[in-house]
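Residue numbers start from 1 in every chain, and the chains themselves are labelled A, B, ... in the order their sequence lines are given, proteins ahead of strands. Small disclaimer: the values here were computed from a predicted structure and weren't measured. Any value given below was found using the heavy atoms of this structure, including those in side chains, with hydrogens, waters and symmetry copies removed.
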There are 2 protein chains.
Amino acid sequence: MATQGNGRQPKYQRIADTLREAIQAGEYGPGDRLPGENDLMATHDVARMTARQALGALQNEGLAESRKGAGVFVRDFKPLRRRGIQRLSRDQWGSGRSIWSADTEGRTLVVDQVDVSEMEAPERIAKVFESETGAPVCVRSRRFVLDGKPVLLSTSYLPADLVSGSAITQEDTGPGGTYARLTELGYKPVHFREEIRCRMPSRDEASGLDLSMGTPVIMICRTAFADENHPVEVNEMILDSASYVLEYDFDA
Amino acid sequence: MATQGNGRQPKYQRIADTLREAIQAGEYGPGDRLPGENDLMATHDVARMTARQALGALQNEGLAESRKGAGVFVRDFKPLRRRGIQRLSRDQWGSGRSIWSADTEGRTLVVDQVDVSEMEAPERIAKVFESETGAPVCVRSRRFVLDGKPVLLSTSYLPADLVSGSAITQEDTGPGGTYARLTELGYKPVHFREEIRCRMPSRDEASGLDLSMGTPVIMICRTAFADENHPVEVNEMILDSASYVLEYDFDA
DNA sequence: AAGTGGTCTAGACCACGCT
DNA sequence: GCGTGGTCTAGACCACTTA
């Protein structure tokens with residue numbers, strides 16, 4: 001017992017390898033149910049926990065996901081393409097269209113969990129605005145749900161003195177959104193910086209995006225600048241990495 | 001026994017939460033050792049597997065990493081900043097400098113596992129070059145190790161007929177690298193497209209980058225275009241997400 | 001040599017979903 | 001109702017590091 005030394009590598013890894021290869025060979029397609037714990041215990045003659053470890057490995061790799069009471073299923077990957085630069089070109093939001101219309105053609109977008117409030121700026125935000133920590137900022141947080149699947153959590157920070165009284169402090173910012181309003185206020189965004197990180201989600205993020213185990217998130221932190229390096233907005237976004245491909249097109 | 005219903009959520013989650021909060025509160029700093037399995041069994045009065053699950057959860061979140069025979073330790077996050085657009089501006093490689101010099105100032109970069117060969121183009125690559133599947137391509141794969149830590153795996157594909165006989169087919173491509181040579185050959189890259197995905201690593205990627213559990217990878221697929229949409233190179237990169245922040249700067 | 005995490009067994013009860 | 005995955009116990013041996 002516990003003689004793991006048979007084939008040089010752990011039993012659960014060998015079982016996981018078998019399943020992985022079967023998936024990649026197409027024996028199990030997206031959405032198909034994989035052999036369950038009981039199946040694996042029988043076919044590989046192992047204990048419960050060992051079969052579980054094998055299935056758990058596949059889930060941690062993002063290849064499979066479990067549904068309680070139903071089984072473990074092969075995952076699908078059909079991402080949205082988010083064109084980082086074109087979507088923020090002036091004509092997008094200049095003409096009253098949401099910058100989202102570029103990404104979501106022909107699909108159903110719902111924005112929910114909208115919350116607009118004013119609070120003291122967290123340190124990292126205050127630092128960008130070059131204001132003292134604790135200066136008031138307008139905070140707009142939202143969730144984007146595409147065809148029933150939550151794909152993005154967004155939290156946007158703007159200096160409160162800049163936007164007070166404008167539609168930006170309302171839930172509905174009107175045609176063209178925040179950037180159109182900033183333009184009207186004399187702070188037209190002319191330059192953007194996007195910082196991209198990738199990591200495993202926090203518990204809040206996992207539940208907010210309805211992520212299954214083994215799905216990382218993409219963090220995009222976008223800073224919008226009015227002319228001459230004047231930052232007017234910081235937007236922190238959390239994206240379901242299984243729902244997105246980011247694209248940046250630029251000249252040498 | 002197995003009365004998990006005490007506090008509404010699983011025991012291992014409660015233990016993980018305790019540790020997570022302690023980490024975020026700074027009680028355990030980067031590199032510090034967390035309480036081990038035996039500690040947790042004693043302090044929380046649980047079985048081995050339950051303590052393991054708690055520590056496993058933290059590792060899957062990327063918050064901690066285990067070292068066999070030593071313990072579980074809080075992870076650090078000190079990423080490189082990769083400026084996607086500036087690093088590919090003409091003056092970088094035009095002057096004989098590697099585009100890497102922009103990222104790695106003052107650090108030790110080693111390139112190893114260099115392999116240059118010719119093979120038939122995989123389907124996705126042939127599609128980009130608009131050649132028939134199986135057309136010959138020059139494949140350059142390398143690994144970049146920064147201060148002893150592998151951070152990036154790169155595989156670059158170029159049409160074989162375009163580069164045959166040039167230094168691009170050598171291990172050392174000379175000053176300015178592949179892009180300087182392409183320019184000399186009359187295929188100056190003038191436009192780039194980078195596609196970014198994020199997912200959990202394959203086993204090969206995890207071992208090649210020496211990743212610990214719970215670390216996703218960033219995939220960058222860059223296509224370089226000579227004038228008028230003529231693709232001349234496809235570079236597929238796998239980045240350790242704990243080592244990188246990507247940055248894209250652009251005008252509206 | 002002692003302690004650590006990695007793997008494994010053989011049982012158990014639970015909540016959930018539906019073949 | 002029955003099978004599913006989710007959680008948990010109480011043991012065990014192993015390989016590795018030296019905190």
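- Taking CG of B:L158 as the reference point, atom OG1 of B:T178 lies at 6.5 Å (rounded to 0.5 Å).
- Checking A:T108, A:D240, A:L80 one by one against A:L146, the side chain to side chain contact (heavy atoms under 4.5 Å, CB included) holds for a single residue, A:L80.
- Residue whose closest nucleotide on DNA chain C sits further toward the 5' end, between B:L55 and A:A70: B:L55.
- For the 3.5 Å distance criterion, the side chains of B:Q59 and B:S66 qualify, holding a donor opposite an acceptor.
- In this structure, B:R67 places its CZ atom 8 Å from P of D:dT18, rounding to the nearest Å.
- Annotation: proximity of residues 36-53 of chain A to DNA chain C (heavy atom, distance under 4.0 Å) is found for A:V46, A:A47, A:R48, A:M49, A:T50, numbered in ascending order.
- Within the 4.5 Å cutoff, the side chain of B:I196 has heavy atoms near those of the B:Y248 side chain.
- With sequence neighbours left out, the side chain to side chain contact (heavy atoms under 4.5 Å, CB included) criterion links A:A22 to A:E27, A:Y28.
- Atom-to-atom, CZ of B:R14 to C1' of D:dG6 comes out at 18 Å; the value is rounded to the nearest Å.
- When rounded to the nearest whole Å, the span between CD of A:Q13 and P of C:dT7 equals 7 Å.
- A donor-acceptor distance shorter than 3.5 angstrom exists from the side chain of A:R140 to the backbone of A:Q170, with no hydrogens or angles considered.
- Across the protein-nucleic acid pair, B:K68 atom NZ and D:dC16 atom P stand 5 Å apart, rounded to whole Å.
- Residue A:K11 places at least one side-chain N or O closer than 4.0 Å to OP1 or OP2 of C:dT9.
- Nucleic acid contact for A:Y12: sugar-phosphate only, since backbone atoms but no base atoms lie under 4.0 Å from a heavy atom of the residue.
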